[in-house]
> 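One structure follows; several queries about it will come next.
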There are 2 protein chains.
Amino acid sequence: MAQTYTISELSEQFDITARTIRFYEDQGLISPRREGTRRVYEERDRVRMKLILRAKRLGFTLSEIRETLDLYDSASGGEEAQGKFVLEVINQHRAILLQQQNDILDVLQDMKNVEQRILNKMKSPEQKV
Amino acid sequence: MAQTYTISELSEQFDITARTIRFYEDQGLISPRREGTRRVYEERDRVRMKLILRAKRLGFTLSEIRETLDLYDSASGGEEAQGKFVLEVINQHRAILLQQQNDILDVLQDMKNVEQRILNKMKSPEQKV
DNA sequence: CATGACGTTTACGTAAACGTCAACATGCCT
DNA sequence: AGGCATGTTGACGTTTACGTAAACGTCATG
């Protein structure tokens with residue numbers, strides 16, 4: 001066990017280019033082990049990539065993602081004093097996500113309306129209202 | 001009635017700069033009436049701005065937003081033949097939004113976990129596992 | 001051993017989404 | 001008439017998130 005992956009395996013899995021993965025490393029988002037100069041990705045790296053791409057799909061910038069992952073890691077670690085601060089940040093992020101949930105529901109509803117207008121028009125095309 | 005707004009009123013309402021609004025106009029996202037050289041925004045422009053910003057919060061690019069708004073408008077208009085096409089596009093967009101809904105739920109769950117770890121650590125700080 | 005396939009760094013290019021002047025017009029207040 | 005707020009159009013600058021090439025190392029395989 002102890003599955004590992006090459007950069008091209010990982011890029012294939014997530015359907016991104018190797019360039020992108022290296023770029024994320026430059027930006028401090030992931031830091032895979034090295035075997036000589038080659039990058040070796042382990043399961044935890046893969047999980048991290050999944051988190052990164054998820055956050056990206058939600059519109060967060062790479063630096064926001066990096067900061068957040070670092071912060072959550074530090075909370076997982078031992079930075080005792082920062083506990084309250086991390087909780088605050090989490091709540092800020094939660095607010096953004098809830099806002100997005102609402103936005104999505106609104107847009108879905110708009111789409112339903114447009115869809116209905118189209119379907120109606122296809123049934124009875126001569127309606128000029 | 002027939003409320004109208006200046007560019008600065010609108011920028012204030014939506015908490016964006018006038019520059020941004022003019023830029024959106026350059027990109028064909030809104031086209032307010034002119035009174036002389038001054039831009040005059042009416043209610044429908046305001047609604048459109050709201051749609052634009054909502055889509056932006058969901059991570060869509062300006063050109064995607066422009067295309068989509070144009071498309072929905074055309075469906076509202078009379079481009080009969082494109083009906084089926086518009087319905088397809090709507091379904092593609094819907095798939096993206098549903099993906100985002102899942103992403104949000106996943107992230108919210110992750111945040112809950114981190115939160116719990118912090119709270120536990122604050123209760124009993126000496127646990128080294 | 002040479003020839004891919006795969007990996008590496010370095011560097012420059014680019015599209016998107018504005019910010020930031022500059023330089024000017026226009027309305028209205030005193 | 002003077003002055004100030006508010007508006008306008010360029011034009012150039014900036015950041016983000018990579019793409020794209022150049023130039024080279026390394027390993028397996030015919």
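Quick caveat: nothing in here was measured; it's all calculated off a predicted structure. Residue numbers begin at 1 in each chain, while the letters A, B, ... track the order of the sequences.
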> List for me each residue that meets salt bridge (charged side-chain N to carboxylate O under 4.0 Å, His left out) alongside E88(B), sequence neighbours excluded, and say none if there are none.
none
> Looking at residues 55-64 of chain A, who's got a heavy atom less than 4.0 Å off DNA chain D?
K56(A), T61(A), L62(A)
> Is the backbone of E42(B) close enough, under 3.5 Å, to the side chain of D45(B) for a donor and an acceptor to pair up by distance?
yes
> Could you tell me the separation between the CD atom of E35(A) and the C1' atom of dG7(C), rounded to a whole number of Å?
13 Å
> What residues, two or more places apart in sequence or in another chain, satisfy salt bridge (charged side-chain N to carboxylate O under 4.0 Å, His left out) together with R54(A)?
D106(B), D110(B)
> Mind checking what makes side-chain contact (heavy atoms from CB on, under 4.5 Å) contact with T6(B), not counting sequence neighbours?
S8(B), E9(B)
> Please confirm whether the shortest side-chain N or O distance from T6(B) to OP1 or OP2 of dG7(D) is below 4.0 Å.
yes
> Got a sec? Which of residues 38-54 of chain A come in under 4.0 Å of DNA chain C, heavy atoms?
R38(A), R39(A)
> Would you please name every residue forming a side-chain contact (heavy atoms from CB on, under 4.5 Å) with L105(A), sequence neighbours left out?
Q101(B)
> Using a strict heavy-atom distance below 4.0 Å, which residues from residues 13-33 of chain B are in contact with DNA chain C?
T17(B), R19(B), T20(B), F23(B), Y24(B)
> Tell me whether the OP1 or OP2 atom of dG7(C) has a side-chain N or O from S8(A) closer than 4.0 Å.
yes
> Please list, one pair per line, the donor and acceptor atoms closer than 3.5 Å that link side chains of residues 20-29 of chain A to other protein atoms, with sequence neighbours excluded.
residue : atom : partner : partner atom : Å
T20(A)  : OG1  : T17(A)  : OG1          : 2.9
E25(A)  : OE1  : R39(A)  : NE           : 2.5
E25(A)  : OE2  : R34(A)  : NH2          : 3.0

> Determine all donor-acceptor pairs shorter than 3.5 Å in which one atom belongs to a side chain in residues 112-119 of chain B; sequence neighbours excluded.
residue : atom : partner : partner atom : Å
E115(B) : OE1  : R94(A)  : NH2          : 3.1
E115(B) : OE2  : R94(A)  : NH2          : 2.9
R117(B) : NH2  : S76(A)  : OG           : 2.9

> Expressed as a whole number of angstroms, how long is the span from R66(B):CZ to dC18(C):P?
15 Å
> Considering residues at least two apart in sequence or located in another chain, which fulfil the salt bridge (charged side-chain N to carboxylate O under 4.0 Å, His left out) criterion with E12(A)?
none
> Can you see which heavy atom on L87(B) is nearest to which on M122(A), and at what distance?
CD1-SD, 4.4 Å
> Holding to salt bridge (charged side-chain N to carboxylate O under 4.0 Å, His left out), I want the full list of residues that pass it with R48(B), two or more places apart in sequence or in another chain.
D70(B), D73(B)
> What is the distance from CD1 of I7(A) to C1' of dG25(D), rounded to the nearest Å?
16 Å
> Among all residues two or more places apart in sequence or in another chain, which pass the side-chain contact (heavy atoms from CB on, under 4.5 Å) test with F14(A)?
L10(A), I16(A), R46(A), M49(A), K50(A), L53(A)
